[in-house]
Amino acid sequence: MAGQSEFDPSLAVSHKFPDSTYSYTERDAALYALGIGACASDAVDEDELKYVYHEDGQKAIKVLPTFAALLTLESLPNGFDLPGLQYDPRLLLHGQQYIELYKPVPSSCHIQNKVSLAGLHDKGKAAILEIETKSYEKESGDLLCMNRSTVYLRGAGGFSKSSKPFSYSSYPSNQTSAVKIPESKPFSVFEDRTHPSQALLYRLSGDYNPLHSDPQFAKVAGFSQPILHGLCTLGFAVRAIIKSICKGDSDRIKSITGRFLLHVYPGETLVTEMWIEGSRVIYRTLVKERKRTVLSGSVDLRGLNSSL
Ligand SMILES: CCC/C=C/C(=O)SCCNC(=O)CCNC(=O)[C@H](O)C(C)(C)COP(=O)([O-])OP(=O)([O-])OC[C@H]1O[C@@H](n2cnc3c(N)ncnc32)[C@H](O)[C@@H]1OP(=O)([O-])[O-]
C-alpha cells in the first residue's frame, strides 16, 4: 500500500507502550456473562447461574475465564497506532486471541497492565499486529493472566522493504492459534443460538466499535449488517467447553487459543464441536445457518477427569 512508504517496522517493534490500569466490579462480570449467552436459554441453569447471581451477594459470583480478555480493553488508549503505521480503523478485524490464566479471575479487581508488541507481520493485503498484555492484581502484585490479541488490518500490508515479507514474533510457535481439526467424530457437540441483539448487549462490556452496532459503518467495512464481536463468539465457544467437558467447573481452564475465521451475524446459531487430545480440547465453531466454520482453536485444561 502506497501510504505505508514511510513505515519503518523496526521503529514499531522497538515502540514502548505505557502501562495502563483497568478496574471492574462484579456487575461488569455478570453483564459480561449475560453478553456471552450465560443463562440465555435457562435462567436457572445449574452450571451458569453462578456467573450472574449468588445467594450470598454478588461479590461471591464466579467469573468466566474469557472475561480475562476484557482486562486489556483500556490498555491501548491510542488504539492500535504504531509509529508510522497507517491503517483504516473501519477495516480492522479481530484475528486471534490467546489467553493464559494463572489464577481464577476475581469478581472485582484493580488491574495494572503491562503492554508490548508481540508480533508484526506483513501479509501484503493486510498487516497483522499482535499485542501482548500482562495483567497484574494491583493490590497483591500477582500476575493474573496474559492476553495476546491479534488484529488483522485489511489494506495495511505491503510495507516490507525487502523481497521477503516482514515478520516478527516474540513468543514460541506452539502458542499460535491455528489448530489441526481431527478427522474423527467430535467427542461432544454443543449448539447455542445467539440473540439478534447479542452484539448490542455484549458491547456494554466495553468494546464500543460501531462495526458491531452501526449498519452504515458495517457496510463500509464490507458486511451486510453489524457483526458479532470476535470475543463474544469465543465466549460462547469456551462456555460450551466448560459445560460439555469441564462439567461446569470453569477453574479447569488454563489457556485458550482462538482464530476468527469468518464473521458471525447476531441471531445466528453457533455449533461448537470438541475433541479431546490429552489435557487439550480442540474445538471448532460453525454457524449452522450458513454451514461455515467461524472459529477454531484449543483450550488447555487442568486435571482433566480420567472418566471422560
Ligand atoms: C481487536 C479488537 C477489535 C475487535 C473487532 C472484532 O471483534 S471483529 C469480529 C471478529 N473477527 C472476524 O469476524 C474476522 C473473521 N475472519 C475473517 O474474516 C478472515 O479470516 C480474515 C479477513 C481475518 C482473513 O481472511 P483472508 O482471506 O484475508 O486471509 P487469507 O486466508 O488469505 O490469509 C492471509 C494471511 O493471513 C493469515 N490469517 C488468515 N486469517 C487469520 C486470522 N484470523 N488471524 C491471523 N492471521 C490470519 C493467514 O495465515 C495468511 O498468512 P500466510 O499463511 O499467507 O502467511
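Note that ligands are numbered from 1 as they come in the structure, with each ligand's atoms numbered from 1 the same way. Everything numeric in this text was worked out from a predicted model, so none of it was measured. For reference, positions follow the sequence shown, starting with 1.
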Review point. Of the listed options (His94, His121, Arg259, Glu130), which comes nearest to atom 40 (N) of ligand 1 when hydrogens are ignored and any heavy atom counts?
Key: Arg259
Practice item. Report, in ascending order of atom number, the atoms of ligand 1 lying under 4.0 Å from any heavy atom of Leu228. Key: 9 (C)
**Study point:** Spacing of Lys161 atom NZ and Ser10 atom OG [to the nearest 0.5 Å]
**Key:** 8.5 Å
Study note, to complete from the structure: Tracing side-chain contacts under 4.5 Å among Ile, Leu, Val, Met, Phe, Trp and Tyr outward from Tyr171 reaches none
**Study point:** 4.0 Å heavy-atom contact, Ile227 with ligand 1
**Key:** yes
Review point. Of the protein's non-hydrogen atoms, which lies at the shortest distance from atom 42 (C) of ligand 1, and what is that distance?
Key: Gly95 O, 3.7 Å
Exercise for review: Show your working on side-chain hydrogen bond (donor to acceptor under 3.5 Å, both in side chains) between His229 and Gln198 and close with a plain yes or no.
Suggested key: CA-CA 9 Å; His229 302 71; Gln198 200 74 50; over 6 Å; no
Check your understanding: Which of the numbered atoms in ligand 1 are below 4.0 angstrom from a heavy atom of Val151?
Key -> 1 (C)
Check your understanding: Can you list the steps and then say if Phe159 with Gln86 is a side-chain contact (heavy atoms from CB on, under 4.5 Å)?
Key -> CA-CA 10 Å; Phe159 55 78; Gln86 292 169 19; over 6 Å; no
Practice item. May I ask whether atom 20 (O) of ligand 1 is less than 4.0 Å from at least one protein heavy atom? Key: yes
Point to revise | Residues, nucleotides or ligands: over 12 heavy atoms within 6.0 Å of Arg292 CZ | key: no
Review point. Strictly by modelled atom types, are Gln97 and Ser149 linked by a side-chain donor-acceptor pair under 3.5 Å?
Key: yes
Point to revise | Atom pair OH (Tyr283) and CE (Met274), whose distance is rounded to the nearest 0.5 Å | key: 11.0 Å
Point to revise | The one among Gly258, Ser296, Gly230 that brings a heavy atom closest to atom 7 (O) of ligand 1 | key: Gly230
Point to revise | Residue Leu92 vicinity, atoms of ligand 1 by number, heavy atom under 4.0 Å | key: 3 (C)
Review point. Starting from atom 16 (N) of ligand 1, which protein heavy atom do you reach first, and at what distance in Å?
Key: Phe260 O, 3.0 Å
Review point. For Phe80, is at least one N or O under 3.5 Å away from an N or O on ligand 1?
Key: no
Review point. Roughly how far apart are Glu289 CD and Arg193 CZ, rounded to 0.5 Å?
Key: 6.5 Å
Check your understanding: Can you find a protein heavy atom under 4.0 Å from atom 26 (P) of ligand 1?
Key -> yes
Check your understanding: How far is atom 17 (C) of ligand 1 from its nearest protein heavy atom, and which residue and atom name does that atom have?
Key -> Leu261 O, 3.4 Å
Practice item. To the nearest 0.5 angstrom, please state how far the CD1 atom of Ile99 sits from the CG atom of Asp300. Key: 12.5 Å
Practice item. Under 4.0 Å from a heavy atom of His263: give me the atoms of ligand 1 that qualify, with their elements. Key: 13 (O), 15 (C)
Point to revise | Contact atoms of ligand 1, heavy-atom distance to His229 under 4.0 Å | key: 7 (O)
Exercise for review: With rounding to the nearest 0.5 Å, note down the distance linking SG in Cys39 to CG in Asp47.
Suggested key: 9.5 Å
Exercise for review: Consider only side-chain N and O atoms of Ser160 and Asp122, and report whether a donor and an acceptor are under 3.5 Å apart.
Suggested key: yes
Point to revise | Distance, nearest 0.5 Å, that separates OH of Tyr87 from CZ of Phe7 | key: 11.5 Å
Review point. Looking at atom 34 (C) of ligand 1, what's its closest protein heavy atom, distance included?
Key: Tyr152 OH, 3.6 Å
Point to revise | Shortest reach to atom 22 (C) of ligand 1 by a heavy atom, considering only Leu93, Ile131, Leu234 | key: Leu93
Exercise for review: Could you tell me whether Lys123 approaches ligand 1 through its side chain, its backbone, both or neither, with non-hydrogen atoms closer than 4.0 Å?
Suggested key: side chain
Point to revise | Atoms in ligand 1 with a heavy atom of Gln96 nearer than 4.0 Å | key: 44 (N), 45 (C)
Check your understanding: Measuring from the heavy atoms of Lys125, does anything fall under 4.0 Å of ligand 1?
Key -> yes
